[in-house]
Structure formats: structure tokens, C-alpha cells
Number of protein chains: 2
Amino acid sequence: MTSTVADSAPARRVPRPRADALRNRERIVTAAREMFVEFGSQVPYDEIARRAGVGNATLYRNFPERTDLVHEVVLSLMARVTEVAERAAEEESDTFAALRRFTLGAADERVGALCPMLDGAFDKDHPDLVAERDRLEEAVQGLVERAQQAGRLRTDVGVGDLMVALSQLTRPLPGSGCAAFDQFVRRHLLLFLDGLEAPARSELPGKAATLEDLRRDSCPS
Amino acid sequence: MTSTVADSAPARRVPRPRADALRNRERIVTAAREMFVEFGSQVPYDEIARRAGVGNATLYRNFPERTDLVHEVVLSLMARVTEVAERAAEEESDTFAALRRFTLGAADERVGALCPMLDGAFDKDHPDLVAERDRLEEAVQGLVERAQQAGRLRTDVGVGDLMVALSQLTRPLPGSGCAAFDQFVRRHLLLFLDGLEAPARSELPGKAATLEDLRRDSCPS
DNA sequence: AAATAACCGGGGACCGGGTCCCCGTTTATG
DNA sequence: CATAAACGGGGACCCGGTCCCCGGTTATTT
């Protein structure tokens, strides 16, 4: 994975970051993801540092702007979720089972944490982000279309419906690191999925939405 | 409603509050409910006062402790939701339709706002609160049982499942007062309800929970 | 293994926003 | 009309988050 880029190159100009520096940066991002999930992206810097087992200065050195940190976390989280979607599509033959697996897997990754991040305060149009979002949408859209074409998923729902409901249902209650809650969430996700299954049991108002619709609608600012 | 308690009594000791004072108190509670729904119970006192069209001093005079205000708001919100449940049971002959009506009605009242209030910081065991919670549980439990006995609602779900999922799905995204989002929420609620309908399309892990279970589990503190 | 430079960590000063009170003014009541 | 209760907003206080400084530590280089 990590190519030996700066190995033979003149290392004097950019002497390659130290090993522990990279490790620390990684620990920070992980800690931040966990904290964001639980307390939202406004959580104090010092707390994140403590959770990461790092001095706060290290945190400020790596991410001078909070924006940078949020950006990094969102990116990393989206990548994980995308991978869950791709693995589900690949390894699950039954189309609806694939959808189930993705949903529960995404819940385990705490997609719900993406929600509070939409509270402004970070660049939604950054190229990296758009790229990652497109990858995610493509992967999930694939799951949805396959299930719909197989007649297993009702056709009046879209990726947006799935993602938003998924996010909402898995959003952590602030404070309580309740253990029993997790099991509870799985029940709700499964119930929601049952509602998604074809044939449709009711008629929905409005129309199915894509991720693009979401991004546009959610922030009229 | 308001009995003339202090009318003939020696009014010197407690000379009955002035009319505008009562009106102001009411406006404050209303404003607080709206603000809590949108921004959580931590919203600055001054903001609430401004929204209520009152000086901040009036707010502090009426609710010296934030706890008091939260308590009042929760109570008022629960009462509204209970009423929705009772009206639904009473006026809707079809048992599942009653459940639908309650769910959508409760969403309109913004039950989701109750969630962030569980972030500690207020007395869960206050007699008034317990009483109101029991009334609410009884009303909703009635809806659930009727639908289950009629064979319209799957039997592996309980009041707790409905209430928590309902709260989660309707929780407002902090910041954006997005208009389109509301319509979106209705879609998700209807999908979830479809999942609740009998016959069950999947097998759920764990077991159905009551409100009492919720209260106990959610705060191991 | 020693030298060197990059990196780390935590203690504390600064700053902004929320809380809460004081007091001159307004308004319901009898 | 007199009186006292209630109002309102301006500002002082205070706390918690941010951000920097500097002495110590640890990975790299020869």
C-alpha cells in the first residue's frame, strides 16, 4: 500500500515525516471520529487530544483549523462505508440480503456521525469530498438498483431515503454511551428494511431523493 | 380550568399573580419548546427570552434553574403527544390507521425534541414527570395492543420500539431549519410503519421494550 | 552509540459568550 | 388615582475553549 516514494528521492527538502508522527496523526483521526459520533463536531479540541492519548499541541500542529480535522474524519468515514457497500454487493448473492448487510454494516461504522457534520462549518465542495461522495453514491446506488430490478425493493425509494433514515436511526444520544442501545438500533433498522421490501404496503408522499438532492436541499443558508 | 382558588381566601399572603405575568410565562414555555426542538436544551437563556418577546430578567425570574424550564417544557410536550394518542384511538376505527395517525401527529409535535433532553441535567424521577409518562405510555400501549390483537401489528415490537424510532427519525438536524426535510421525514415514518405491519417480514433480535425499560437502560450513570 | 533535529506534552494566558443582577420604567389591580 | 408587582435591557462577572511557549523526549543519521 504505502509506496516507497521518498526513498531514493532527495529527502533533504521534505525529510519524510517521522514514524510516530504519522502514527499520532492516525490516532487523532480515529479519536476524533469516535468523539464526533458521540458529541458532535463541536467537541473541544483538548478532549479529542486526551482521547487520542496525545498532547493538545500535537493536535493543533496537525490540524490548525477545525475544518481540516472534520474534513479528514468525514473522508475516512465515507471511505469505510463505501467499502462496506462494495463488499456487500460483491459477497452477497441475494440482492436484498446485500442491502441488509450494507445497512447493518454502515450502522456499525456509525454513519450517523455524518449528520451533525452538516451543521455548516466545513467545505462541502472540496474535490476530495465530492469524489468520495460520488464513490459512495455509486456503490449504494448499485445495491439499490440491483434489488429493485430483482423486484425485492420497492421502487418509490432512493439512495437518499436509505441514507438519511439510516443516519437518523443510528444517531447516538448525546452523553449516554448506552450499551443496550446498539442492539435496539439493529431492531429499528431491520424494521425499516422490512418496510423497504417489495411489494410496497403503502403509498409515499413526495419522491425518492439522491444524495445530490440532499446536499442541495439540506442547506438553503 | 383555572379554578378561583385564591379568590375568597385571604389574598394578602399570595395576592394571585398578575394576568400578564401568567401570559408571559406561557409564551416563554412555548418559545422554549420551539428552541429546544431546534437547538437542544442547551440553547442560551437570552435567545429564548428574545424569541418569547420578553426581557431576559423575566425568564430568570420565572425559571431560576434551567432544570425548571426543561421540566416544564417536557411536561407540556408529553401532554400534547398524549392527547394526540388519545384522539387517534378515539377517532380512528381502523387500528393500524390509528397507529399511523398517532405517529405522524407526534412527529408534528416534534417528539424528537424529547431526545436531547435525556442528556442528564434534569430530574427524571419528579412525580409530575412520572405521572405524565405513565399517561403517555398507557395511551400508546393501548394503540399498540389494539392493533396487535386485531392482527394488524407484528407482535415482536413494543411501545419502546415505536417511541424511540419515532424520536430518532424526527430529530431535527442542528442548524438547518430545512423545509423540505419535513416531507422527507414523513416518508421515513411511513416506511417504518410499513415494516411494523403484520405479518412480520423478518425476525428481530432482542425483545420488545417498554418505556420503563428505556428509562432504566438509557442512563447507567 | 552518539549527535542532532524533529516532535511531543502540558501548563497557563487570552478571549468570547453565557449567565445573572441592578435599577429606572411600565402596567395591572382595587 | 395610588400603589406595588412585574418588566426589560445594559453591563459586570465568570467559566470553558483556544492556542502558544518552552523544556523534555524520541526517532533518525553516520
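Since this is a predicted model, take the numbers as computed values, not measurements. By convention in this document, chain letters (A, B, ...) are assigned in the order of the sequence lines, proteins followed by strands, and residues within each chain are numbered from 1.
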Starting the side chain at C-beta, find the nucleotide from [options] nearest to [X].
{"X": "B:R16", "options": "C:dT27, C:dG30, D:dC7", "value": "C:dG30"}
{"X": "B:Y60", "options": "D:dA6, C:dC8, C:dC20", "value": "C:dC20"}
{"X": "A:A19", "options": "C:dT29, D:dG17, D:dA27", "value": "D:dA27"}

State, with a plain yes or no, whether a side-chain heavy atom of [X] is found less than 4.5 Å away from one of [Y].
{"X": "A:Q168", "Y": "A:V164", "result": "yes"}
{"X": "A:D68", "Y": "A:H71", "result": "no"}
{"X": "A:E92", "Y": "A:F102", "result": "no"}

- Name the residue closer to the 5' end of DNA chain C, choosing between B:E47 and A:T58 according to the nucleotide with the nearest heavy atom.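 First, find each residue's nearest nucleotide; the 5'-ward one identifies A:T58.
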- Message: Heavy-atom nearest nucleotide on DNA chain C for B:D20 versus B:P44: which residue maps closer to 5'?
- Response: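 On the 5' side of the pair lies B:P44.
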- What about B:R18, does its side chain sit under 3.5 Å from the base of D:dA6 through a donor-acceptor pair?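 Side chain to base: no pair below 3.5 Å.
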Can you pull every protein N or O that's under 3.5 Å from an N or O on nucleotides 23-25 of chain C?
none

- Mind checking B:Y45 for me? I need base, sugar-phosphate or nothing, with any heavy atom below 4.0 Å counting as a touch.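 The residue B:Y45 makes sugar-phosphate contact but no base contact.
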- Query: Under 30°, 30 to 60°, or over 60°: which ring-plane class applies to A:H188 and B:F192, parallel, tilted or perpendicular?
  - Reply: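 Perpendicular, since the angle between the ring planes exceeds 60°.
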- Query: Which parts of nucleotides 9-14 of chain D does protein reach within less than 4.0 Å, heavy atoms only, written one letter per nucleotide 5' to 3' as B for base, S for sugar-phosphate only and - for none?
  - Reply: BB----
- Query: What are the two closest heavy atoms between B:L136 and B:M78, and how far apart are they?
  - Reply: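 Looks like CD2-CE, 4.0 Å.
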Salt bridge [X]-[Y], side-chain N to carboxylate O under 4.0 Å:
{"X": "A:E91", "Y": "A:R101", "answer": "yes"}
{"X": "A:E47", "Y": "A:R50", "answer": "yes"}
{"X": "A:E26", "Y": "A:R23", "answer": "no"}

- Query: What is the distance, rounded to the nearest whole Å, between atom CZ of B:R23 and atom C1' of D:dC7?
  - Reply: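 Those two atoms, CZ and C1', are 12 Å apart.
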- Item | Gap between atoms CZ and C1', on B:R51 and D:dG8 respectively (whole Å) |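 After rounding, the gap between these two atoms is 20 Å.
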- Task: Indicate whether any N or O donor in one side chain lies under 3.5 Å from an N or O acceptor in the other, for B:S76 and B:R33.
- Result: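 The answer is yes; a qualifying pair exists.
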